[in-house]
Trainee: 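Sharing a structure here in structure tokens format.
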Amino acid sequence: MTIKPNNSHDYSRSTEGFHAKQSLVMASGSLTLSVGDACDNSSAPGRKIEDYPQGYPRFAAFISAHSSFHVFRRFMALRVRLLLYKQDELSVLEKQLERLDGDEPKVLYLGSIRRDRNEARKELMTRLESKLEEYDSLATRNETILKRALPRDRDVQNLRNWIGNNACVAREEKEYLYRDGYDRDLMAVGALGSDSTQDSLEASISNALILSLKWTKWKGIDSGASIDETVHIFPPGLMINLTRGLLASMFILVLSAPVVIIVFVATIPARLAVALVACIIFILILSILAKVKTAELFVAGATYAAVMVVFITGNSMS
């Protein structure tokens with residue numbers, strides 16, 4: 001996904017006064033937005049983004065057009081503040097319970113819940129249960145939010161540029177995408193790929209497809225979610241299949257190139273040197289491009305080295 005923002009547009013202004021300039025901005029704007037993984041477009045099948053009224057209806061339609069646009073704030077500072085508040089409430093109630101137990105004149109009440117006639121303690125236990133339930137619920141929600149991935153820079157930039165070219169949202173209500181320090185507070189609600197290498201390749205392929213579309217004027221691979229010529233949302237699976245095909249070709253080349261070289265090398269030391277270099281390159285590629293554990297990396301390297309040694313031995317004997 002690649003974006004070239006429209007520098008002529010003033011991001012700091014609200015929606016008032018932009019309707020008269022909308023057609024000019026959309027016609028001359030240089031926004032380039034491309035998406036290639038999972039196209040949702042689930043707001044209303046058959047409707048274009050521009051079919052919705054200006055303002056939040058259109059902004060919501062744009063966000064719902066693709067999962068990568070589902071970028072929202074975490075409000076982590078507020079969540080931590082609430083968690084600290086609930087924690088202190090429990091601490092106060094805990095002290096009250098300790099005080100009640102320490103001042104209890106009848107030891108029998110402390111040794112039997114059934115015989116406990118201290119109504120203040122029973123009421124306090126009920127409050128503790130309620131507060132603990134609130135605390136646990138908030139802690140669980142915070143855990144879920146913390147697990148959300150940060151949005152990709154290009155996804156945030158897409159949102160910024162689309163808002164800039166459409167002026168659908170008031171200045172203070174789009175501040176979460178622009179304000180300094182908010183970038184670490186954003187989260188991607190939509191599913192993102194866990195492979196950074198594949199993600200980078202998708203971005204490059206998207207740029208290449210956009211350039212080809214500009215030259216050929218062909219719209220056959222566009223999903224048609226928007227009539228805006230600067231918005232490109234590709235159909236589901238297209239970018240994934242292209243990226244996987246490119247990665248497969250690269251891996252085949254890396255794995256087969258040493259074998260081909262060894263066939264044309266006559267001496268054993270030279271073949272071993274080729275195998276050593278191939279193993280180093282193979283392990284480096286795995287460690288950089290793939291998220292593998294140390295043990296998995298060792299097993300993969302050892303397996304590849306064993307295969308190379310067996311191939312060298314068999315080729316030498318023949």
Side-chain angles (χ1 to χ4, degrees), residues 12 14 38 40 42-43 55-57 59-60 63-64 67-153 155-156 159-160 163 169-196 291-297:
S12 63
S14 61
D40 300 333
S42 57
S43 54
Y56 272 100
F59 187 37
I63 291 177
S64 65
S67 60
S68 65
F69 303 148
H70 291 235
V71 176
F72 305 95
R73 284 192 62 190
R74 299 175 194 266
F75 294 101
M76 282 313 304
L78 294 179
R79 293 177 183 278
V80 172
R81 182 76 176 268
L82 284 172
L83 198 59
L84 290 171
Y85 183 79
K86 296 295 182 184
Q87 176 181 267
D88 191 65
E89 282 186 331
L90 284 169
S91 299
V92 171
L93 294 178
E94 183 183 35
K95 292 293 184 182
Q96 293 179 11
L97 180 61
E98 292 175 356
R99 194 178 304 114
L100 276 176
D101 293 342
D103 297 341
E104 179 59 59
K106 297 182 180 181
V107 182
L108 178 63
Y109 289 174
L110 297 176
S112 175
I113 296 177
R114 299 179 184 180
R115 293 182 174 86
D116 189 2
R117 298 294 183 267
N118 192 321
E119 295 301 326
R121 181 162 41 245
K122 291 182 179 180
E123 181 183 353
L124 183 58
M125 293 298 294
T126 302
R127 291 179 60 193
L128 275 168
E129 181 182 12
S130 176
K131 293 297 181 181
L132 270 175
E133 184 177 359
E134 295 175 4
Y135 182 79
D136 293 345
S137 175
L138 183 58
T140 302
R141 297 203 307 268
N142 284 5
E143 180 186 11
T144 302
I145 293 298
L146 281 170
K147 290 180 180 178
R148 297 284 185 184
L150 287 170
R152 296 171 295 199
D153 292 339
D155 296 335
V156 177
L159 288 170
R160 289 174 178 172
I163 291 176
V169 184
R171 178 183 58 188
E172 60 273 12
E173 296 179 33
K174 64 183 179 183
E175 189 180 44
Y176 74 100
L177 290 172
Y178 297 94
R179 185 171 174 180
D180 292 339
Y182 275 14
D183 53 340
R184 304 299 300 178
D185 195 48
L186 296 177
M187 63 177 176
V189 177
L192 297 179
S194 58
D195 193 334
S196 59
K291 296 180 179 179
V292 295
K293 299 178 180 179
T294 304
E296 296 173 345
L297 187 62

Trainee: I want to check something: taking the side chain as every heavy atom from C-beta on, are Val92 and Gln96 in contact at a cut-off of under 4.5 Å?
Mentor: yes

Trainee: Check whether any side-chain N or O of His70 sits under 3.5 Å from a backbone N or O of Ala188 as a donor-acceptor pair, and report yes or no.
Mentor: no

Trainee: Is the count of non-hydrogen atoms from other residues, nucleotides or ligands lying under 6.0 Å from Asp153 atom CG greater than 12?
Mentor: no

Trainee: Got a second to check how far Arg81's CZ is from Phe75's CZ, nearest 0.5 Å?
Mentor: 15.0 Å

Trainee: How far does CE of Met76 sit from CG of Leu83, to the nearest 0.5 angstrom?
Mentor: 8.5 Å

Trainee: Verify, without hydrogens or angle tests, whether Arg74 (side chain) and Asn142 (backbone) share a donor-acceptor contact under 3.5 angstrom.
Mentor: no

Trainee: So, for Leu90 and Lys131, which heavy atoms are closest and what is the spacing to 0.1 Å?
Mentor: CD2-CB, 3.6 Å

Trainee: What I want to check is whether the side chains of Glu89 and Tyr135 have a donor and an acceptor closer together than 3.5 Å.
Mentor: no

Trainee: Atom OG1 in Thr294, atom CD in Glu296: separation rounded to 0.5 Å?
Mentor: 9.0 Å

Trainee: With rounding to the nearest 0.5 Å, note down the distance linking NZ in Lys174 to CG in Leu159.
Mentor: 12.5 Å

Trainee: From Leu124 CG over to Glu94 CD, what is the distance, rounded to the nearest 0.5 angstrom?
Mentor: 10.5 Å

Trainee: So for atom CD, which belongs to Glu123, do other residues, nucleotides or ligands contribute more than 12 heavy atoms lying within a distance under 6.0 Å?
Mentor: no

Trainee: Is any side-chain heavy atom of Leu150 closer than 4.5 Å to a side-chain heavy atom of Met187?
Mentor: no

Trainee: If you look at every heavy atom in Pro151 and Leu186, which pair is closest and at what distance?
Mentor: CD-O, 3.5 Å

Trainee: What verdict does the side-chain contact (heavy atoms from CB on, under 4.5 Å) test give for Lys86 and Leu132, after you've listed the backbone C-alpha separation in whole Å, the side-chain angles of each residue and the deciding distance to 0.1 Å?
Mentor: CA-CA 8 Å; Lys86 296 295 182 184; Leu132 270 175; over 6 Å; no

Trainee: Identify whether the distance between the nearest side-chain nitrogen and carboxylate oxygen of Arg73 and Asp185 falls below 4.0 Å.
Mentor: yes

Trainee: Treating Thr126 as the side-chain partner and Lys122 as the backbone partner, does any N or O pair qualify as donor plus acceptor under 3.5 Å?
Mentor: yes

Trainee: Is the shortest distance from a Lys or Arg side-chain nitrogen in Arg171 or Glu175 to a carboxylate oxygen in the other one below 4.0 Å?
Mentor: no

Trainee: What's the spacing between Glu134 CD and Leu82 CG if we round to 0.5 Å?
Mentor: 10.5 Å

Trainee: Taking all atoms of both residues into account, what is the closest heavy-atom pair of Arg148 and Val189, and its distance?
Mentor: NH1-O, 3.4 Å

Trainee: Give a yes or no answer on whether the side chain of Ser137 reaches the backbone of Glu133 with a donor-acceptor pair at less than 3.5 Å.
Mentor: no

Trainee: Please check this pair: side chain of Arg160 against backbone of Tyr178, looking for a donor-acceptor N/O pair closer than 3.5 Å.
Mentor: no

Trainee: Is any side-chain heavy atom of Arg121 less than 4.5 Å from a side-chain heavy atom of Asp101?
Mentor: yes

Trainee: More than 12 foreign heavy atoms under 6.0 Å from CZ of Phe72: is that the case here?
Mentor: yes

Trainee: How close do Tyr176 and Val71 get, counting heavy atoms only, and between which atoms?
Mentor: CE1-O, 3.8 Å

